[in-house]
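Structure first, commentary second.
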Amino acid sequence: MSGPLYRGATGIRISGNSNDLWDSQMKDKTEKEDLDRNRSSDQSYLALRFPFRVFFPDNNSPSKYGNGESGFASDPFIVGSPRSRHKLTLLLLKLSLALIVILALVGSFWWTISISTMSRGQIVHNYRRLREQLVSDLWDIGELSLGSSRLQEFEFCSEESENYAPCFNVSENLALGYSDGSENTRLCGQSSRQSCLVFPPVNYRIPPRWPTGRDIIWVANVKITAQEVLSSGSLTKRMMMLDEEQISFRSVSPMFDGVEDYSHQIAEMIGLRNESNFVQAGVRTILDIGCGYGSFGAHLFSKQLITMCIANYEPSGSQVQLTLERGLPAMIGSFNSNQLPYPSLSFDMLHCARCGIDWDLKDGYFLIEADRVLKPGGYFVWTSPLTNARNKENQKRWIFVRDFAENLCWEMLSQQDETVVWKKTSKRSCYSSRKPGAGPATCNKGHDVESPYYRPLQGCIAGTHSRRWIPIQEKTTWPSRSHLNKTELAIYGLHPEDFSEDAENWKTTVTNYWSVLSPIIFSDHPKRPGEEDPSPPYNMFRNVLDMNAHFGGFNAALLEAGKSVWVMNVVPTSGPNYLPLILDRGFVGVLHDWCEPFPTYPRSYDLVHAEGLLTLQTHQQRRCTMLDLFTEIDRVLRPEGWIIIRDTAPLVESARMLTTRLKWDARVIEIESNSDDRLLICQKPFFKRQGVSS
């Protein structure tokens, strides 16, 4: 029998025989009780498995309370029989479920009201936190998917990697057919990434602090031989002395006076009294091409000038490596085939003293690139025997350079001995006033890329369409130059209020950094009860790498705080490009893709700083992992150097997990109670090769 047959008062069957009727009634009663028991059991099971049926009963299901034998509904609250007790239990269960659902509905309604009254900013804030947590988790999954090798501590590289700079493999480039200087071209690929930690050289010593380190470096820290020092033909390279343990650039050397006389000569050729007046003439930043070992920049640093040394990659006797070891700005760079990773109109002066560049080659393309990075009204200083040549071949080469410079709208200010000084035009109209066909044409607006990234050398004059075309003589002088005015900020689409707020935030941040570092650095410092940790010394760091420089606020705050540092301001290619602003403030910097090795040698920096870089990298297409990024940080960082990473809490926690694989000492610090950001402070240990088996 089916359930619906017993709905309502249909339990009586009518028959002609009374006994049949009684038997039929008794049989029906028995079957009905059996069926009721089965139905009750089934309904209990369904009520538990499908609780919503309590509130939405099936129209074809039996009556809620069932029917009595007389056809009337029996009272479910009579507990005299097991059947009644079973129904009472079922009813209580249904009421409990109803109460739970009511409470859930009330809670949901209350939550909806609270959401409707919550500020939009808080909702977006919480969404951003969830998204960042998801990104962090995905990043972790990506790291774990790379295999068990990534979970283990990194091994140390072979001895050949001690001074190796990735992307600059001269022998490999020669095998690929590069020649005539193009073998120094920077070529980065998947093989450029290192999956090991670079050991310092045997007998490596921590460099002396500034300014002592400017004049003395340890021989064991760099790859150079006595023959390379003595046989160097560079003017600034020869201004050094070598003994058993150190290279000295002290002024007690009679040769050092040559740098001061040389700088004084350049100033007079420009029309200044001496090199101390460079700043008043609008000069602050200098690109020193083939810088020797940085003596020109070291001398001018005391005159509030900052030089960026660039030179080709050199396996031994590297100009860049020794300059960085002295605590002066430098990076590997070449004019040979690609444009430099600087914006147009970047430097106030370009200097080339026997720098090894043949300016007359490649139809003047090298001079066009020099013109591109030189600001209007800036100076090009060239010291070379070619300028004072006696044989016809060299005279011909010199005439080409002289005439080409004139067609670039450079004015020759003076020539003394081997040194020539040109001044770039400050008027854009000069290019249109040239004779037809005289010199290279100006780039059209669509081709005039302000910030190229290792683009092939161009044959047109760039920068003429830039809103930054402002002669250096019309700019405010240093140090006021670092505080851009309203008109200057408008060029970059910035409001003075935002710029001022950024500057104030960085001042506070630098103060906080020093406060945080004090107990870490001086954790073993003996002091009396109640005494505070001493502040880290002003010259604790010298070479600073800011991996995500924004407006250059970290650099400005460090200088205003009196720290004896210079900062390599790096603007990632994956983010907003404020490198022109940074350079216009009188700082130095470079454009760089952090999925590629940085163009420098191992052990270049004392402090690596990254604010918001992890967040920036996660929003881009993942061509590299966080571990790749940290391995590169380890390569460019000196032993006992520091890393400061500021980012969201999930990303900082993911980064902290990786530090053990790199053998860094690390700790996470909460910045503010109401901030989602965290600080990751790390220090790279000083490992020595003698103590590790190869």
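These numbers come from the heavy atoms of this one structure, side chains and all, not from hydrogens, waters or symmetry mates. These figures come from a predicted structure and were not determined experimentally.
Electrostatic pairing of Arg397 and Asp358 counts as a salt bridge here, judged by a charged N lying under 4.0 Å from a carboxylate O.
The shortest distance between side-chain heavy atoms of Tyr293 and Ile224 falls below 4.5 Å. Contact annotation: the side chain of Asp363 never approaches that of Phe404 to less than 4.5 Å [non-hydrogen atoms, C-beta and beyond]. For the pair Glu474 and Ser426, the minimum side-chain heavy-atom distance is 4.5 Å or more. Proximity of Asp371 to Lys424: side-chain heavy atoms (C-beta onward) are separated by under 4.5 Å at one or more points. Two residues are said to be in side-chain contact when any heavy atoms from C-beta on lie closer than 4.5 Å; Asp502 and Asp498 fail this criterion.
Between the side chains of Thr185 and Ser337, at least one donor N or O lies within less than 3.5 Å of an accepting N or O. With hydrogens and angles left out, the side-chain atoms of Gln280 and Thr477 include no donor and acceptor closer than 3.5 Å. His264 and Glu268 share a donor-acceptor pair across their side chains, judged by distance under 3.5 Å alone. Side-chain polar atoms of Asp288 and Thr307 form no donor-acceptor pair below 3.5 angstrom.
Within the structure, every pair that satisfies the salt bridge (Lys or Arg N to Asp or Glu O under 4.0 Å) test and touches residues 409-420, not counting sequence neighbours, is listed here: Arg354-Glu418. Screening residues 457-502 for disulfide (SG to SG under 2.5 Å), with sequence neighbours left out, gives Cys443-Cys460.
Atom CZ of Phe400 sits about 7.0 Å away from atom CG of Leu367, to the nearest 0.5 Å.
With sequence neighbours excluded, no residue satisfies side chain to side chain donor-acceptor pair (under 3.5 Å) with Tyr454. Residues meeting the side-chain contact (heavy atoms from CB on, under 4.5 Å) test with Ala389, sequence neighbours left out: Asn394, Gln395. Under the side chain to side chain donor-acceptor pair (under 3.5 Å) criterion, Arg273 pairs with no residue, sequence neighbours left out.
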Is there a side-chain contact (heavy atoms from CB on, under 4.5 Å) between Phe554 and Glu611? Walk through the geometry before answering. CA-CA 10 Å; Phe554 183 51; Glu611 193 271 338; over 6 Å; no
Before giving the answer on side-chain contact (heavy atoms from CB on, under 4.5 Å), spell out for Ser334 and Phe168 the whole-Å C-alpha distance, their side-chain angles and the decisive distance to 0.1 Å. CA-CA 11 Å; Ser334 173; Phe168 297 96; over 6 Å; no
Could you walk me through whether Val283 and Leu305 satisfy the side-chain contact (heavy atoms from CB on, under 4.5 Å) test, starting with their C-alpha distance in whole Å, then the side-chain angles of each, then the deciding distance to 0.1 Å, before giving a yes or no? CA-CA 7 Å; Val283 178; Leu305 303 177; 4.3 Å; yes
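Checked by atom type and distance alone, the side chain of Asp348 pairs as donor or acceptor with a backbone atom of Arg284 at under 3.5 Å. A distance-only check finds no donor-acceptor pair linking the side chain of Arg542 to the backbone of Trp210 [under 3.5 Å]. Judged by distance alone, with hydrogens and angles left aside, the side-chain atoms of Glu369 form a donor-acceptor pair with the main-chain N or O of Leu340 at under 3.5 Å. The closest donor-acceptor contact from the side chain of Trp469 to the backbone of Lys375 lies at 3.5 Å or more, if one exists at all. A donor-acceptor pair under 3.5 Å links the side-chain atoms of Gln458 to the main chain of Pro456, judged by distance alone. Within the 3.5 Å criterion, the main-chain N or O of Asn336 finds a donor-acceptor partner in the side chain of Lys362.
The SG atoms of Cys291 and Cys355 do not lie less than 2.5 Å from each other.
Centroid-to-centroid, the aromatic rings of His609 and Tyr513 come within less than 6.0 Å. Ring to ring, Tyr342 and Phe347 are close: their centroids are under 6.0 angstrom apart. No close placement of the Phe278 and Trp478 rings is indicated, their centers lying 6.0 Å or farther apart.
Counting non-hydrogen atoms of neighbouring residues, nucleotides and ligands closer than 6.0 angstrom, the NE2 atom of His483 exceeds 12 such neighbours.
The aromatic rings of Trp566 and Tyr605 lie tilted to each other, with the angle between the two planes from 30° to 60°. Ring planes of Trp359 and Phe366: perpendicular class, angle over 60° (limits at 30 and 60°).
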What donor-acceptor contacts under 3.5 angstrom involve side-chain atoms of residues 589-603, with partners at least two apart or in another chain?
| unit_1 | atom_1 | unit_2 | atom_2 | d |
| --- | --- | --- | --- | --- |
| His592 | NE2 | Glu596 | O | 3.0 |
| Asp593 | OD1 | Cys595 | N | 3.0 |
| Asp593 | OD1 | Arg623 | NH2 | 3.0 |
| Asp593 | OD2 | Arg623 | NH2 | 2.5 |
| Trp594 | NE1 | Met547 | O | 2.9 |
| Glu596 | OE1 | Arg186 | NH1 | 3.3 |
| Glu596 | OE1 | Arg186 | NH2 | 2.9 |
| Glu596 | OE1 | Tyr453 | OH | 3.0 |
| Thr600 | OG1 | Ser604 | OG | 2.7 |
| Tyr601 | OH | Glu314 | N | 2.9 |
| Tyr601 | OH | Glu314 | O | 3.1 |
| Tyr601 | OH | Ser318 | OG | 2.9 |
| Arg603 | NH1 | Glu162 | O | 2.8 |
| Arg603 | NH2 | Glu162 | O | 3.1 |
| Arg603 | NH2 | Asn163 | OD1 | 3.0 |

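Minimum interatomic distance between Ser466 and Arg428 (heavy atoms only, all atoms of both residues): O-NH1, 3.2 Å.
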